[in-house]
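Everything below concerns the one structure shown next.
These numbers were taken from a predicted model, which means no experiment stands behind them. Per chain, numbering begins at 1; letters A, B, ... match sequence-line order. The basis for the numbers below is simple: all heavy atoms, side chains too, and nothing from hydrogens, waters or symmetry mates.
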Amino acid sequence: MKNENIRVRFAPSPTGFLHIGSARTAFFNWLFAKKMSGVFVLRIEDTDIERHKEDTIDLIMDSLKWLGITWDEGPDIGGIFAPYRQSLRKEIYNQYAQKLIAEKRAYRCFCSPDKLEEKRKASTKDKGSDFLKYDRECLKLTDEDIANNLQYGRNYTIRLLVPDDREINFTDIAYGKISVNSKIVEDFIIIRSNGLPTYNFSVAIDDIQMKITHVIRGEDHLSNTPKQLLIYDALNSELPRFVHLPMILGSDGQKLSKRHGSISIEAYRDEGFLPEAIQNYLALLGWAYDEKTTIFSLEELVAKFSLEDINKKPAKFDYEKLLWLNGGYIRNTDDKILSKLIYGRLIKSAPQKNTDIVSGINMAKIEKIIPLIKERMRTIKEACELISPFFYKVRYAEEIKNFFENEKSEAANILNNTITVLEAFSDNQTTSITFKSSLIEPELKKIADKLGINLRKVAEVVRIALWGAKVSPPLFGTMEILGRTETLNRLKAYSENF
RNA sequence: GGCCCGUUCGUCUAGGGGUUAGGACAGCAGAUUUUCAAUCUGCCAGCAGGAGUUCGAUUCUCCUACGGGCUACCA
């Protein structure tokens with residue numbers, strides 16, 4: 001049962017992918033809606049026709065869905081306050097604007113952008129580099145002037161008439177009491193000359209009209225809030241509660257951008273992060289439940305989340321911690337699900353024609369591999385890299401070829417012993433000496449004992465030969481899955497180095 | 001420039017007039033181990049600076065510094 005008394009919204013502008021910071025904002029809104037059994041609205045703020053990119057709307061919605069964020073009202077599913085795209089709500093904004101003009105709370109401005117630019121320049125010269133605001137030239141226009149201008153079809157914008165000297169006060173749930181004097185805000189434009197509203201106007205109108213009760217958004221909007229408050233006031237509307245979320249910054253404290261690595265939710269999905277891990281990590285950016293809990297299930301998050309616990313300090317994005325969290329979530333994920341994810345990625349990245357394939361990429365095999373690597377993967381991508389030699393021929397890098405340069409005879413001896421022992425195994429699963437890890441291990445241990453060395457040393461030589469790398473999944477299990485034939489092929493191929 | 005906001009280990013944070021300032025990630029060391037991980041144990045590390053209030057400030061107030069945001073016919 002939805003509680004209509006709690007309505008929140010996430011209002012992205014469709015200019016690109018879903019940014020990690022926007023995702024956090026969306027998620028906090030969603031968490032709050034879930035906790036309160038409220039309504040979560042998705043609204044597209046596409047009033048800037050220049051920057052707007054149509055296909056990013058689907059991109060954003062896909063990312064949200066992948067993250068587990070669903071909405072009760074939105075552009076795709078409609079709702080009682082449809083439409084949910086601002087570009088389709090032009091009439092609504094204009095009605096409000098006309099009302100404000102009629103009540104002398106707003107006025108038409110016929111100044112062209114060029115003219116405004118001149119004014120700004122002139123003003124800068126006069127008063128140094130001080131703050132400059134619109135000089136209200138068009139406020140002085142008589143009704144006759146306006147009628148004339150209108151008749152000539154001159155372009156105009158609509159500006160809000162801002163009170164000269166008034167304290168604007170509001171309480172932000174995270175930031176506390178905030179107070180700004182209206183004298184520092186100019187008569188800002190609410191309707192552009194193309195008839196579309198500007199952000200501060202459309203956001204206020206929509207939040208009023210859609211009966212939004214809690215505005216949860218990034219801290220970059222904190223400074224815009226007084227302007228919106230002025231609109232609420234001009235319209236005599238009830239205020240929502242405001243909650244601003246601290247910014248998410250890059251590791252150097254600068255605004256999160258491409259050079260900090262991945263910043264789109266899409267990218268994290270492609271790298272093989274699980275949505276649960278992203279949710280958990282995002283929740284920890286600007287919010288904390290208590291002094292020790294860091295791992296939360298979604299249910300716990302919904303239950304424990306509270307706007308009052310949101311903090312104000314900007315948070316730096318810590319990729320390492322995300323990796324750690326993701327590893328934890330992977331270990332708790334069902335093998336079948338992991339198999340599918342790995343399978344999907346492997347297939348996607350597989351070269352079209354590849355003569356190096358030693359084994360078809362199939363689910364059954366991947367499912368067998370999972371237990372070997374589950375504890376050592378932090379992302380699906382990492383897993384794929386680690387297990388790639390199961391499917392592709394080993395390519396020995398120079399450093400690996402010459403790995404035993406200084407101990408050639410010992411390495412050759414180990415390898416030859418191993419080959420001899422393994423050849424005694426049967427490929428036939430029904431005989432007693434099947435090629436199983438539990439049976440392979442003691443045999444290699446015997447070799448180690450015989451040569452008076454550590455099993456570790458034996459494993460090192462065999463691993464390099466078998467995997468072409470210093471690191472591999474557990475050796476014996478790897479050999480079992482690879483099979484006797486392929487295992488021996490690789491060992492023999494490598495022994496030719498000596 | 002003006003206005004708004006912020007500042008606890010490298011990072012995310014808990015705390016809050018008297019605490020050995022707590023946890024987690026990372027780092028380091030050890031245990032375990034066929035590698036790498038995982039796991040466990042231990043270690044390292046912090047209240048931006050200066051005044052004031054107070055018996056006592058990391059906590060309250062002010063100033064400074066630093067950081068961020070807004071100041072568009074962007075959102």
For residues 288-296 of chain A, please give each side-chain donor-acceptor pair under 3.5 Å, one per line with the distance, not counting sequence neighbours.
| from | atom 1 | to | atom 2 | distance (Å) |
| --- | --- | --- | --- | --- |
| A/Asp290 | OD1 | A/Lys292 | N | 2.9 |
| A/Asp290 | OD1 | A/Thr293 | N | 2.7 |
| A/Asp290 | OD1 | A/Thr293 | OG1 | 2.9 |
| A/Asp290 | OD2 | A/Thr293 | OG1 | 2.8 |

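Taking atom C1' in both B/rC4 and B/rA45, one finds a spacing of 34 Å when rounded to whole Å. When the P atom is used for both B/rC28 and B/rC63, the distance is 44 Å, rounded to whole Å. Only the C1' atoms considered, B/rG67 is 24 Å distant from B/rC74, to the nearest whole Å. Spacing of C1' atoms, B/rG68 relative to B/rC73, comes out at 27 Å, to the nearest Å. The gap from the P atom of B/rG6 to that of B/rU19 amounts to 27 Å, rounded to the nearest Å. B/rU13 and B/rA26: their C1' atoms are spaced 15 Å apart (whole Å). To the nearest whole angstrom, the two P atoms, one in B/rA48 and one in B/rC36, are 40 Å apart. With both ends at atom P, the span from B/rU54 to B/rG46 equals 31 Å, rounded to whole Å.
For the pair A/Arg120 and B/rG1, the criterion of a side-chain N or O lying under 4.0 Å from OP1 or OP2 is not met. OP1 or OP2 of B/rA75 sits under 4.0 Å from a side-chain N or O of A/Thr47. Within the structure, every side-chain polar atom (N or O) of A/Arg456 is placed at least 4.0 Å from both OP1 and OP2 of B/rU33. OP1 or OP2 of B/rU8 sits under 4.0 Å from a side-chain N or O of A/Lys313. At B/rA37, none of the side-chain N or O atoms of A/Arg331 fall inside 4.0 Å of OP1 or OP2 (strictly under the cut-off). Proximity of A/Asn454 to the phosphate of B/rU34: no side-chain N or O atom is located under 4.0 Å from OP1 or OP2.
Listed nucleotides B/rC70, B/rU35, B/rC73 differ in distance to A/Ser223; the shortest reach to its side chain belongs to B/rC70. With B/rG6, B/rG68, B/rA75 as the candidates, the nucleotide lying closest to the side chain of A/Gln254 is B/rG68. Closest contact between the side chain of A/Arg51 and the listed nucleotides B/rU34, B/rA72, B/rA75 involves B/rA75. The A/Lys255 side chain lies nearest to B/rG69 when the options are B/rG69, B/rA26, B/rU11. The listed nucleotides are B/rC12, B/rC4, B/rA75; the one nearest the side chain of A/Tyr199 is B/rA75. Minimum atom distance to the side chain of A/Ile189 is reached by B/rC73, of the listed B/rC3, B/rU39, B/rC73. Proximity note for A/Phe476 (side chain, C-beta onward) versus B/rG68, B/rG10, B/rU34: the nearest is B/rU34. Side-chain proximity of A/Lys321 to B/rG23, B/rU35, B/rA75: nearest is B/rG23. When the nucleotides B/rC74, B/rG69, B/rU34 are ranked by their closest atom to the side chain of A/Thr198, B/rC74 comes out on top. Comparing B/rA75, B/rA24, B/rC12 against the side chain of A/Asn200 picks out B/rA75 as the nearest.
Across the strands present, B/rC25 finds its partner in B/rG10; the criterion is a Watson-Crick or G-U wobble pair with both atom distances under 3.5 angstrom. The partner of B/rU20 is absent, by the rule that a Watson-Crick or G-U pair needs both atom distances under 3.5 Å. Under the Watson-Crick or G-U wobble criterion, with both distances below 3.5 Å, B/rC60 is paired with B/rG52. Both distances falling under 3.5 Å, in either a Watson-Crick or a G-U wobble arrangement, place B/rA31 opposite B/rU39.
Taking every heavy atom of residues 158-172 of chain A and every atom of RNA chain B, no pair lies under 4.0 Å. Within residues 370-388 of chain A, the residues approached by RNA chain B to less than 4.0 Å at the level of any non-hydrogen atom are A/Glu375, A/Arg376, in residue-number order.
A/Tyr268 places a side-chain N or O within donor-acceptor distance of the main-chain N or O of A/Ser262, the cut-off being under 3.5 Å.
Nucleic acid contact for A/Tyr281: none, since no nucleic acid atom lies under 4.0 Å from a heavy atom of the residue. A/Glu219 comes within 4.0 angstrom of a nucleotide base, judged by non-hydrogen atoms across all strands. Using a 4.0 Å heavy-atom criterion, one finds that A/Leu285 contacts the sugar-phosphate atoms exclusively. Among the atoms of the strands shown, none is found under 4.0 Å from any heavy atom of A/Lys457.
Between A/Arg345 and A/Glu385 no salt bridge is recorded (no basic side-chain N to carboxylate O distance below 4.0 Å). Under 4.0 Å is where a charged nitrogen must lie from a carboxylate oxygen, and between A/Lys119 and A/Glu186 no such pair does. Note on A/Lys304 versus A/Asp309: no salt bridge recorded, every NZ/NE/NH1/NH2 to OD/OE distance being 4.0 Å or above. Between A/Asp172 and A/Lys312 there is no salt bridge, since no side-chain nitrogen of the basic residue lies less than 4.0 Å from a carboxylate oxygen of the acidic one. Look at A/Glu117 and A/Arg120 and you find a salt bridge, because one of the NZ, NE, NH1 or NH2 atoms lies within 4.0 Å of a carboxylate O, short of that distance. Using a 4.0 Å cut-off between charged nitrogen and carboxylate oxygen, A/Asp207 and A/Arg9 count as a salt-bridge pair. Remark: A/Glu480 does not engage A/Lys368 in a salt bridge, criterion side-chain N to carboxylate O under 4.0 Å. At a threshold of 4.0 Å, the pair A/Glu118-A/Lys121 does not count as salt-bridged, since none of the basic side-chain nitrogens sits closer than that to a carboxylate oxygen.
Donor-acceptor pairing under 3.5 Å, judged by distance alone, is absent between the side chain of A/Asp220 and the base of B/rA75. A donor N or O paired with an acceptor N or O is not found under 3.5 Å between the base of B/rA14 and the side-chain atoms of A/Lys292.
Using cut-offs of 30° and 60° on the angle between ring planes, the pair A/Tyr319 and A/Phe273 is perpendicular.
The six-membered or imidazole ring of A/Phe305 lies near that of A/Trp287, with a centre-to-centre distance under 6.0 Å.
With rounding to the nearest 0.5 angstrom, the CD atom of A/Glu320 is 5.5 Å from the CZ atom of A/Arg378.
Judged by closest nucleotide on RNA chain B, A/Ser179 is the one of A/Tyr289 and A/Ser179 placed further toward the 5' end.
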